[in-house]
Amino acid sequence: MEDGFDEANPSTIYKNQGGLRFVATVINWGKLKMSKFPLDTIRHSAAHIMAAAVRELFPDVKFDIGPSTDDGFYYDFDMEHRLAPEDLEKIEEAMIKLVNKRLPFEYSEVTRAEAEALFKGLGQTYKLERLADIPEGDKITLYKCGNFVDLCRGPHVENSGQTGAFKLLSLAGSYYRGKEINPMLQRIYGTAFPEKKDLNEYLRKIEEAKKRDHRKLGKELELFSTSDQVGAGLILWHPKGAFIRNTIETFWKSEHYKNGYELMYTPHIGKAELWQTSGHLDFYKESMYSPMEIDEVDYYTKPMNCPFHIQIYKSRVRSYRELPLRWAELGTVYRYEKSGVLYGLLRVRGFTQDDAHIICTPEQIESEIAEVLRFSLHIWKSFGFKEIKAYLATRPAKSVGAPERWEQALVSLEKAVKQAGLDVEIDEGGGAFYGPKIDLKIKDAIGREWQTTTIQFDFNLPERFDMSYIGEDGQKHQPYMVHRALLGSLERFFGILIEHYAGAFPLWLAPVQVMVIPITDKHHEYGMSILKALKEKGIRAEIDCRPETMGSKIKDARNQRIHYMAIAGDKELESKTVSVRSRREDQLGEMSVDALIQKIQSDIDNKI
RNA sequence: GCCAAUGUAGCUCAGUCGGUAGAGCAAUUCAUUCGUAAUGAAUAGGUCGUCGGUUCGAUUCCGACCAUUGGCUCCA
């Protein structure tokens, strides 16, 4: 009978604390079937049940909030007990008991004073603070399920039996109100679905994502690693990963040359004065590494390439006749990232941007932007990504640059996006202080979105570096400058690529395209001749001459995600053929080596 | 950076309530010469993340650090 709770008559709860009355939430939903409750209602209700269960197990708990999310729900708690993974099972068990009781969700509209009295009485300090956030005049509603009452705007399901199939997934720390200076609360993540099969499908998806995890595949396929001795967030590209990177870079470079770019190389460090002029030491210093002293002058490792490109621009007087300049560089930069945010290839401390700067006249800006976008989509298509969404970020409150420039920039960005036929979302005021931008998000094979391409105007650096060109009128003018990265960084892109293809790269990127498998050592010689024929045609082939069974060699080649296996035994030796197996289609039967070569070359050409 | 967890052979993991450790896979050697997802046997392989403390003795207990994992914050 905690808190005056009467099991037989739940509605009597808290009557002693302000005489609050609760009514069932049944009205909200009428006769809806459980599966008809909105997903977020089910999840939010599950969060309440979880909170109620936590309260039973740890009575001293203080509650913060417990919303539904895109994938499920969470609830933030503050308590003496440090939650451990074993606790999740106990909490789930307690939840199931509450579910089986089919306790009604009941709500009550109360006055601020009533709510304050209630939460003060319960010692729920976070709830009191959350209560204070509710604007004067707004309704204050409480939802109660069993002996757990929560400040909540609802809605909820009718009773605890309707929270569907749920599962608690993980524990995490989380700052109160998401602010670093606030105390860290304990968060439990879970998810819920109307039906068990939906939950299972979701859990299967998590498993699928785990299988594709680039950190796991990177190790298994020997693509990359990091080393404690080198340092966190610094990537070592192993031969196979480096091969793929080189293939990406070669393609990237040739496409850039074909599309009107020029490529450059610039140093990894630059004097403090350069970064002073660029403003990085004022605005970006916390992401830069400590300087090194050379001949009594401080030099910084570069976090960006732009100041160097600008120096090339400024190496002589520029005429309007040479604009637009499209200058690209695979520039390796180093940025300090907090230790806790490092994540495989996706968040690192040293990375190579596929950077470019477009320097042009105001008249050229619109077509230049359209062209960058077109080029970007072409590149994405080449790597097998087809679903792309654009995000347009406009002028923030604090910003530099003439209003008419911002206006023109936005118009050209909008036009370009429209022309490219992309779905676009506007992020009002989300631009950088130095200019508006378009970001592209690409969707991978299992539907996850990744932010990659960014196209950013910069009204700051041309000013700071006093960039100019001589116009038709013989006068000095300030050019427009646009930064853009298509793949983002090679590290991050490689991580995305690994997950997109689950390690099974398209043939043109695959480090090994064919594995020749002689059945016994009688066939080694013939196998070697096949290997030679393939290599002569520039096909990346290897041969497996280990004294293993054919089945074992096939298994290993498959695990290495090798596209084609060319099996050579007595039959093939006699008919001068190979028996071909593909990763995708299993057995393709016997064919001549020439036929295999043709097949492979056609796959490569089609970027399959 | 913060909260929590983890760190044992190349990989995946077991184990030691304090007496310097074990499996499977991989590797090596030998045997097997095989027809479309694992042939068999033997051998070798570990400062138990690093440094310090407690102890007769530490991989085990304690502390610091490093790294990793799940989140939070951050990512102009």
Side-chain angles (χ1 to χ4, degrees), chain A residues 69 74 76-78 81-88 169-189 206 210 213 215-216 219-220 222 225-234 279-280 282-287 303-304 335-344 346-349 393 396 398-400 430-435 437 439 451 454 456 458 460 483 488-489 492 517-524 545-560 565-572 579-583 586-590:
Chain A
T69 64
Y74 65 83
D76 284 345
F77 308 102
D78 190 7
H81 177 76
R82 297 285 101 183
L83 288 166
E86 306 85 75
D87 292 323
L88 292 186
L169 298 171
S170 61
L171 291 167
S174 139
Y175 295 112
Y176 175 55
R177 291 177 185 274
K179 292 231 167 68
E180 231 172 328
I181 46 161
N182 284 343
M184 177 82 46
L185 306 177
Q186 301 191 68
R187 176 173 294 181
I188 302 178
Y189 280 98
I206 294 180
K210 256 190 209 161
D213 192 319
R215 295 167 302 183
K216 179 172 169 278
K219 194 183 264 180
E220 271 174 29
E222 290 192 82
S225 67
T226 56
S227 149
D228 282 14
Q229 289 204 41
V230 175
L234 301 169
H280 285 94
D282 290 331
F283 302 110
Y284 202 71
K285 197 169 184 195
E286 67 283 7
S287 295
M304 291 185 195
R335 297 181 185 175
Y336 173 72
E337 299 282 0
K338 288 179 178 174
S339 59
V341 307
L342 299 173
Y343 184 88
L346 301 180
R347 194 76 182 271
V348 294
R349 284 179 172 163
K398 262 193 176 174
S399 56
V400 301
F433 77 91
Y434 51 75
K437 62 171 181 176
D439 288 337
Q451 210 257 289
T454 183
Q456 309 187 350
D458 192 330
N460 185 45
H483 310 255
S489 84
R492 189 177 150 77
I517 300 179
I519 291 180
T520 76
D521 48 16
K522 281 187 305 200
H523 312 113
H524 284 185
C545 286
R546 293 174 306 162
E548 288 292 338
T549 58
M550 180 189 60
S552 170
K553 294 180 189 181
I554 288 172
K555 186 207 62 166
D556 288 340
R558 282 192 62 97
N559 286 344
Q560 285 303 305
M565 285 156 258
I567 295 160
D570 283 336
K571 266 196 300 187
E572 290 80 9
S579 172
V580 177
R581 236 191 111 103
S582 99
R583 187 180 62 203
D586 282 350
Q587 286 193 66
L588 298 177
E590 280 180 56

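Being a predicted model, the structure only gives us computed values, none of them experimental. All values below come from the heavy atoms of this structure, side chains included, with hydrogens, waters and symmetry mates left out. Throughout, a chain's letter reflects where its sequence line sits, starting with A, and its residues are numbered from 1.
- Here the shortest heavy-atom pairing between A/Leu342 and A/Ala232 reads CD1-CB, 3.5 Å.
- Rounded to an integer number of Å, the gap from NZ of A/Lys285 to P of B/C74 is 23 Å.
- Legend: residues meeting ring pair (Phe, Tyr, Trp, His ring centres under 6.0 Å) with A/Tyr336, ordered by chain and number and at least two apart, are absent.
- Contacts of A/Ala172 with the nucleic acid, taken as non-hydrogen atoms under 4.0 Å apart, include base atoms.
- Listed by chain and residue number, A/Lys216 satisfy the side chain to side chain donor-acceptor pair (under 3.5 Å) test with A/Glu220 (two or more places apart in sequence, or in another chain).
- Checked by distance alone, A/Tyr336 brings no side-chain donor or acceptor within 3.5 Å of a matching partner on the base of B/G1.
- Note on A/Lys555 versus A/Glu548: no salt bridge recorded, every NZ/NE/NH1/NH2 to OD/OE distance being 4.0 Å or above.
- On the P atoms, B/C3 is 15 Å away from B/U73, given to the nearest whole Å.
- If A/Arg335 and A/Ser170 are placed on RNA chain B by their nearest nucleotide, the residue sitting closer to the 5' end is A/Ser170.
- Using a 4.0 Å cut-off between charged side-chain N and carboxylate O, A/Asp556 and A/Arg558 make no salt bridge.
- Only the C1' atoms considered, B/A26 is 28 Å distant from B/U60, to the nearest whole Å.
- Residue whose closest nucleotide on RNA chain B sits further toward the 5' end, between A/Phe433 and A/Gly178: A/Gly178.
- In this view, A/His81 and A/Phe58 satisfy the ring pair (Phe, Tyr, Trp, His ring centres under 6.0 Å) rule, not counting sequence neighbours.
- Contacts of A/His280 with the nucleic acid, taken as non-hydrogen atoms under 4.0 Å apart, include base atoms.
- Taking the C1' atoms as reference points, B/U29 lies 36 Å from B/A67, given to the whole Å.
- Whole-Å rounding puts the A/Glu337 CD to B/C72 C1' distance at 15 Å.
- Nucleic acid contact for A/Tyr343: sugar-phosphate only, since backbone atoms but no base atoms lie under 4.0 Å from a heavy atom of the residue.
- Here the CZ-CG distance, from A/Arg581 to A/Leu588, works out to 9.5 Å after rounding to the nearest 0.5 Å.
- A cation-pi arrangement is absent between A/Arg187 and A/Tyr175 under the rule of less than 6.0 angstrom and at most 45 degrees off the ring axis.
- Checking B/A76, B/C2, B/G70 against the side-chain heavy atoms of A/Met304 singles out B/A76 as nearest.
- Judged by distance alone with a 3.5 Å cut-off, a donor-acceptor contact links the side chain of A/Arg347 to the base of B/C74.
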Polar-atom pairs under 3.5 Å, protein N or O versus N or O of nucleotides 63-68 of chain B: list them with distances, or write none.
residue, atom, partner, partner atom, Å
B/A67, O2', A/Asp228, OD1, 3.2

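- Look at OH on A/Tyr176: it is 15 Å from C1' on B/C72, rounded to the nearest Å.
- Panel note: side chain A/Asn182, backbone A/Tyr176; a donor-acceptor pair is recorded below 3.5 Å.
- Paired runs in RNA chain B that reach 3 or more consecutive Watson-Crick or G-U pairs, where each pair keeps both distances under 3.5 Å, cover B:1-7 with B:66-72, B:10-13 with B:22-25, B:27-31 with B:39-43, B:49-53 with B:61-65.
- Taking only side-chain nitrogens and oxygens, A/Tyr175 never comes nearer than 4.0 Å to OP1 or OP2 of B/C74.
- A distance of 7.0 Å separates OG in A/Ser170 from OH in A/Tyr189, rounded to the nearest 0.5 Å.
- Distance noted for atom C1' between B/U28 and B/G18: 36 Å (whole Å).
- With rounding to whole Å, A/Tyr189 atom OH is found 16 Å from B/A5 atom C1'.
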Salt bridge (charged side-chain N to carboxylate O under 4.0 Å, His left out) between A/Glu286 and A/Lys338: does it pass, once the steps are laid out? CA-CA 10 Å; A/Glu286 67 283 7; A/Lys338 288 179 178 174; over 6 Å; no
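- Residue A/Tyr74 is classed as having no contact, given no heavy-atom separation below 4.0 Å to the nucleic acid.
- One finds the CG atom of A/Leu171 at 4.5 Å from the CG atom of A/Leu88 (value rounded to the nearest 0.5 Å).
- Taking only side-chain atoms of A/Lys219, from C-beta outward, the nucleotide of B/C75, B/C72, B/C11 with the closest atom is B/C11.
- For the atom pair A/Ser579 OG and A/Met550 CE, the distance stands at 8.0 Å (nearest 0.5 Å).
- Here B/G71 presents its P atom at 19 Å from CZ of A/Arg82, a figure rounded to the nearest Å.
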How does protein contact run along nucleotides 29-45 of chain B, one letter per nucleotide 5' to 3', with B for base contact, S for sugar-phosphate only, - for none, heavy atoms under 4.0 Å? ---BBBBBBBB------
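- Spacing between atom CZ of A/Arg187 and atom P of B/G71 amounts to 11 Å, rounded to whole angstrom units.
- Atom NZ in A/Lys179 sits about 16 Å away from atom P in B/C72, given to the nearest Å.
- With both ends at atom C1', the span from B/U16 to B/U8 equals 11 Å, rounded to whole Å.
- Nucleotide B/C74 holds its P atom 12 Å from the CE atom of A/Met184, rounded to whole Å.
- B/A21 sits 9 Å from B/G46 when the C1' atoms are compared, rounded to a whole Å.
- With respect to the salt-bridge test (charged N to carboxylate O, under 4.0 angstrom), the residues A/Asp87 and A/Arg82 do not qualify.
- As rounded to the nearest Å, B/G35 and B/C30 have C1' atoms that lie 25 Å from one another.
- Distance check on atom P: B/C56 versus B/A64 gives 24 Å, rounded to whole Å.
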